[in-house]
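In what follows, a structure is listed as structure tokens, so that the remarks can point back to it.
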Amino acid sequence: MNTTVLPDTAPAAVTTGARARSAALEEEVLRSPGRFRVLTGDRPTGRLHLGHYFGTLHNRVRLQDLGAELFVIVADYQVLTDRDVADDLPGHVEELVLDHLAIGVDPARSTIFAHSAVPALHQLMLPFLSLVSVAELNRNPTVKDEIAHSRQSAVSGLMFTYPVHQAADILFCKANLVPVGQDQLPHLEVARTVARRFNARYGEGVFPEPEALLSDAPLLLGTDGTKMSKSRGNAVTLAASVDETARLLRGAKTDSERHIAYDPVHRPEVSSLLLLAALCQGRTPEEVAAGIGSGGAAALKGTVTEAVNEHLAPIRARRAAYARDRTYLREVLREGNERARAVADATLAEVRTVMNSRY
């Protein structure tokens, strides 16, 4: 079987092609949402932030409301990819469920489940690993970035198998659509490769090749000017208070130019803040910049703070209401785990059949 080596970076042509395909998929979703099964989720390593929200979270709710079938994975096993122990895992899992309920994920229409509660999902990893080379895993740019920011003294084998584990996350439920940011395209390409190679080796039509639905803002910068991340302490979380949000944004990195303009290439930090305000207000970054003019960094940060706090107000209200009933959070997860297990068991049974390994 021929193999496709994954690139070290995402070339402009690849990104352009992905965006063109994403636009076409958007039209297909609007026409026929019921034919799409969506897999998405996060590792429970802390509260979700604005980068998550505008990168993919709002798409999850939108797709659910359109009528697509939504699976949200709380990837607790994958916490160990870049750290030695999973700190306060039960608390982080509950917080992740809470964040999803707060943004509008409806457990009556969507499935929220924990990684570790679905054994059949992980059994798919072994045949999937046989379809991917070590060289391909070594070249994955997202893995390289995670290694660079790992909290481990030595990189574990789990880090290198991370993309294949994510392929199992996506393919166990035969998801055909994955809302992602641009930086996650290499991981999704691994899942597509695994699906394609499995079908070629064992029988066509077992797995769909999942496709990426890119968000309008896949790469918001953190307050320090680098990638927004839970682990880097540079993000405004969905649970942040009004005052905490103001404090964090006051400390955001900008530049020395007083006139505020949207110029992502030459003024990335200022442009990221303008984009954040624009997303919250339903305007363009240029319109936000025109309203600030020569007001400087202070006016920019004030505008962004007001926009963020206003946008998050209903989410924070729902979050506070759900937080008062932790029993309900655990019930949502338990019911989601049961649904996910049934789907994974059926997929694993099919895989064993086509691999001629049912005895």
Side-chain angles (χ1 to χ4, degrees), residues 38 40-66 68 70-75 91-113 179-181 213 215-223 228-230 233-250 252 272-283 288 301-333 336:
V38 179
T40 185
D42 305 274
R43 296 191 304 163
T45 55
R47 291 172 172 175
L48 299 179
H49 54 64
L50 289 172
H52 296 118
Y53 180 76
F54 287 113
T56 184
L57 293 179
H58 76 297
N59 259 348
R60 299 175 190 181
V61 177
R62 186 178 65 89
L63 291 167
Q64 167 196 267
D65 292 345
L66 284 171
L70 180 68
F71 281 74
V72 178
I73 185 169
V74 180
H92 287 322
V93 168
E94 283 193 6
E95 288 294 311
L96 203 58
V97 175
L98 186 53
D99 278 335
H100 279 87
L101 295 178
I103 66 168
V105 172
D106 180 359
R109 292 180 289 164
S110 300
T111 301
I112 304 174
F113 68 99
V180 293
L213 190 66
S215 73
D216 291 333
L219 292 175
L220 280 172
L221 298 180
T223 54
M228 191 177 291
S229 169
K230 286 183 286 188
N234 64 357
V236 176
T237 69
L238 301 184
S241 67
V242 170
D243 290 342
E244 183 182 1
T245 298
R247 177 182 59 79
L248 289 167
L249 291 174
R250 274 198 305 271
S272 182
L273 288 171
L274 287 168
L275 179 57
L276 176 55
L279 289 167
C280 288
Q281 296 175 337
R283 297 198 290 165
V288 177
K301 293 175 183 180
T303 296
V304 176
T305 299
E306 182 179 354
V308 169
N309 278 329
E310 183 176 348
H311 189 82
L312 289 184
I315 294 174
R316 288 166 172 160
R318 287 192 296 268
R319 200 179 193 283
Y322 284 120
R324 289 191 285 269
D325 189 355
R326 296 280 169 168
T327 300
Y328 175 69
L329 298 181
R330 291 188 286 272
E331 181 182 336
V332 166
L333 196 58

| Nearest-0.5 Å distance, CG of residue Leu273 to OG1 of residue Thr223 | 9.0 Å
| said: Tell me whether Glu306 at atom CD has more than 12 heavy atoms from other residues, nucleotides or ligands lying less than 6.0 Å away. | reply: no
| Any side-chain heavy-atom pair from Asn234 and His49 closer than 4.5 angstrom? | no
| request: Please report the closest heavy-atom contact between Ser110 and Gln64, naming both atoms and the distance. | output: OG-OE1, 2.8 Å
| query | Under the side-chain hydrogen bond (donor to acceptor under 3.5 Å, both in side chains) test, which residues partner Thr40, sequence neighbours left out? | reply | Arg60
| Of the non-hydrogen atoms in Ala307 and Cys280, which two are nearest, and what is the gap between them? | O-CB, 3.5 Å
| Partners passing side chain to side chain contact (heavy atoms under 4.5 Å, CB included) against Asp325 (at least two apart in sequence or in another chain) | Thr327, Tyr328
| said: To check you understand the geometry: which heavy-atom pair defines the closest contact between Thr56 and Pro179, and what is its length? | reply: OG1-O, 3.1 Å
| request: Run through Asp99, Val105, Asp42 and flag the one making a side chain to side chain contact (heavy atoms under 4.5 Å, CB included) with Leu57. | output: Asp42
| query | Can you tell me how far OG1 of Thr237 sits from CG of Leu48, rounded to the nearest 0.5 angstrom? | reply | 9.0 Å
| Out of curiosity, Thr111 OG1 to Ile73 CD1, how far, rounded to the nearest 0.5 Å? | 12.0 Å
| request: Report the residues that fulfil side chain to side chain contact (heavy atoms under 4.5 Å, CB included) with Glu244, sequence neighbours left out, ordered by chain and then residue number. | output: Ala240, Ser241, Arg247, Leu248
| Given Leu249 and Val236, is the side chain to side chain contact (heavy atoms under 4.5 Å, CB included) satisfied, shown in steps? | CA-CA 8 Å; Leu249 291 174; Val236 176; 4.2 Å; yes
| Are side-chain heavy atoms of Leu63 and Leu70 found at a separation under 4.5 Å? | no
| said: Run the side-chain hydrogen bond (donor to acceptor under 3.5 Å, both in side chains) test against Arg47 and tell me which residues pass, sequence neighbours left out. | reply: Glu95
| task | Taking all non-hydrogen atoms of both residues into account, name the closest pair between Ala102 and Arg319 and its distance. | result | CB-CB, 3.6 Å
| Results of side chain to side chain contact (heavy atoms under 4.5 Å, CB included) for Ala323 - residues two or more places apart only | Leu98, Arg326
| field | Results of side-chain hydrogen bond (donor to acceptor under 3.5 Å, both in side chains) for His311 - residues two or more places apart only | value | Tyr53
| query | To the nearest 0.5 Å, what is the distance between CG (Leu333) and CG (Leu96)? | reply | 9.5 Å
| Partners passing side-chain hydrogen bond (donor to acceptor under 3.5 Å, both in side chains) against Arg62 (at least two apart in sequence or in another chain) | Glu26, Asn59
| Non-neighbouring partners of Phe113 that pass ring-ring contact (aromatic ring centres under 6.0 Å, His included), sequence neighbours left out | Phe172
| task | Provide the closest heavy-atom pair for Arg316 versus Asn309 in the form atom of the first, atom of the second, distance. | result | NH1-OD1, 2.9 Å
| request: Test Val288 against every option in Leu276, Leu279, Leu274 by the side chain to side chain contact (heavy atoms under 4.5 Å, CB included) rule and name the one that passes. | output: Leu274
| note | Between Leu221 and Ser272 the two heavy atoms that sit nearest each other are N-OG, 3.0 Å
| query | For Arg250, what residues pass the salt bridge (Lys or Arg N to Asp or Glu O under 4.0 Å) criterion, not counting sequence neighbours? | reply | none
| Contacts of His100 that satisfy ring-ring contact (aromatic ring centres under 6.0 Å, His included) - sequence neighbours left out | none
| field | Interatomic spacing from CZ in Arg43 to NE2 in His92 - rounded to 0.5 Å | value | 11.0 Å
